Amino acid sequence: MDSNIKILVVDDEAKMRKLVKDFLSIKGFTVIEAADGEEALEIFYKDKDIKLILLDVMMPRMDGWETLRAIREHSSLPIIMLTARSEERDELLGFNLGVDEYITKPFSPKILVARVEAILRRSSLGQEEKIASGGIEIDKTAHQVTIDGKPVDLSYKEFELLTYFIENKGIALSREKILNNVWNYDYFGDARTIDTHVKKLRSKMGEKGEYIRTIWGMGYKFDPDA
């Protein structure tokens, strides 16, 4: 990976930051550290070259949820939440707020690095491609979506999901297949993660959200012509 790729690691535990930084640095990433949400936001607003954020949930002064909300007002930058809590409602809250991945402590640093690399790799694929269907245009280079010429603000994972739907127009896709392709490594969460993302994506697409059709008992199909 390019050493110019900057990753912001936000955690109040210095040992955890060092552990993550050591493993990411070995892979060639440039790592910036923040001890809490307020410090993270100061860095985020100043440094426009950050490509991904690893964000702990439980922190003093400003916790991960508050920090996530603040960042999402300005950016769809990929965010991985790190947390000691593994309750389903926390995971669903994270996805509702625009989290791209959710990793529960304790975790394998090698798995964390693999997930970071997977997100960054996917965000750099197909850089010169533009795809369009039903008045929806996706510009992979600029990572932008327009509907009938008007820009739509999507999170990183919503962008990935819509791209996958359009690239498979007219094909019924099971939840398992969507997980394997949009979350394209061993994902241990619940398939309801997809339903949460589809609900938010439909809402942001307005009337065009109807193009993502539910296939009961199976999954979804993107079909603007039905």
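All values derive from a computational prediction rather than experimental measurement. Computation of the quantities below employed the complete heavy-atom set of this structure, encompassing side-chain atoms and omitting hydrogens, waters and symmetry-equivalent molecules.
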Would you check if [X] and [Y] make a side-chain contact, meaning some heavy-atom pair closer than 4.5 Å?
| X | Y | value |
| --- | --- | --- |
| Met16 | Asp56 | no |
| Thr67 | Phe44 | no |
| Met205 | Leu162 | yes |

Mind listing the closest non-hydrogen atom pair of [X] and [Y] along with its distance?
| X | Y | value |
| --- | --- | --- |
| Val10 | Gly37 | CG1-N, 4.4 Å |
| Pro224 | Gly134 | CB-CA, 4.1 Å |
| Ser155 | Ser76 | CA-CB, 3.9 Å |
| Glu167 | Ile131 | CG-CD1, 3.7 Å |
| Ile171 | Lys221 | O-CG, 3.5 Å |

Quiz item: Could you go step by step and tell me if Trp65 and Val57 meet the side chain to side chain contact (heavy atoms under 4.5 Å, CB included) rule?
Solution: CA-CA 6 Å; Trp65 301 130; Val57 171; 3.7 Å; yes
Around atom [atom1] of [X], are there more than 12 heavy atoms of other residues, nucleotides or ligands at under 6.0 Å?
| X | atom1 | result |
| --- | --- | --- |
| Lys48 | NZ | yes |
| Glu210 | CD | no |
| Lys177 | NZ | no |
| Glu66 | CD | yes |

Quiz prompt | Check against side chain to side chain contact (heavy atoms under 4.5 Å, CB included), Ile138 and Val145 | solution = CA-CA 5 Å; Ile138 294 178; Val145 174; 4.0 Å; yes
Exercise. Please report the C-alpha distance between Ile119 and Tyr156 in whole Å, then the side-chain angles of each, then the deciding distance to 0.1 Å, and finally whether the side chain to side chain contact (heavy atoms under 4.5 Å, CB included) criterion is met.
Key: CA-CA 9 Å; Ile119 283 184; Tyr156 174 82; 3.9 Å; yes
Quiz prompt | Parallel, tilted or perpendicular: rings of His74 and Tyr45 (30°, 60°) | solution =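 Taking His74 first and then Tyr45, their aromatic rings stand perpendicular (interplane angle over 60°).
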Practice problem: Please state whether the rings of Tyr211 and Phe222 are parallel, tilted or perpendicular, taking 30° and 60° as the class boundaries. | Solution: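 It falls in the perpendicular class, over 60°.
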Quiz item: Out of curiosity, does Val198 fall in the hydrophobic cluster containing Met218 (side-chain heavy atoms, cut-off under 4.5 Å, transitive links)?
Solution: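 No, no single cluster joins them.
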Quiz item: Same hydrophobic cluster for Ile215 and Leu179, using side-chain heavy-atom links shorter than 4.5 Å among ILVMFWY?
Solution: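 In one cluster: no.
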Would the distance check show the side chain of [X] and the main-chain N or O of [Y] forming a donor-acceptor pair, the cut-off being under 3.5 Å?
| X | Y | value |
| --- | --- | --- |
| Thr163 | Phe159 | yes |
| Arg202 | Ile212 | yes |
| Lys105 | Leu82 | no |
| Ser25 | Lys21 | yes |
| Arg213 | Tyr220 | no |

Self-check item: Among Val31, Ile43, Asp47, the one residue meeting side chain to side chain contact (heavy atoms under 4.5 Å, CB included) with Lys6
Solution: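 So the option named by the test is Asp47.
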Exercise. Any chance you could lay out the side chain to side chain contact (heavy atoms under 4.5 Å, CB included) test for Lys157 and Val182, step after step, and finish with the verdict?
Key: CA-CA 8 Å; Lys157 194 58 70 178; Val182 180; 3.7 Å; yes
Self-check item: Criterion salt bridge (Lys or Arg N to Asp or Glu O under 4.0 Å) on Glu39 and Arg17, from CA distance to verdict
Solution: CA-CA 14 Å; Glu39 185 181 353; Arg17 293 199 306 273; over 6 Å; no
Any carboxylate oxygen within less than 4.0 angstrom of a Lys/Arg side-chain nitrogen, looking at [X] and [Y]?
| X | Y | result |
| --- | --- | --- |
| Arg61 | Asp12 | no |
| Asp100 | Arg72 | yes |
| Lys18 | Glu33 | no |

To the nearest 0.5 Å, how far apart are [atom1] in [X] and [atom2] in [Y]?
| X | Y | atom1 | atom2 | value |
| --- | --- | --- | --- | --- |
| Leu55 | Leu8 | CG | CG | 8.0 Å |
| Lys199 | Leu201 | NZ | CG | 13.5 Å |
| Ile53 | Ile32 | CD1 | CD1 | 10.0 Å |
| Ile103 | Thr83 | CD1 | OG1 | 11.5 Å |
| Glu73 | Leu68 | CD | CG | 10.5 Å |
| Leu52 | Leu77 | CG | CG | 6.5 Å |

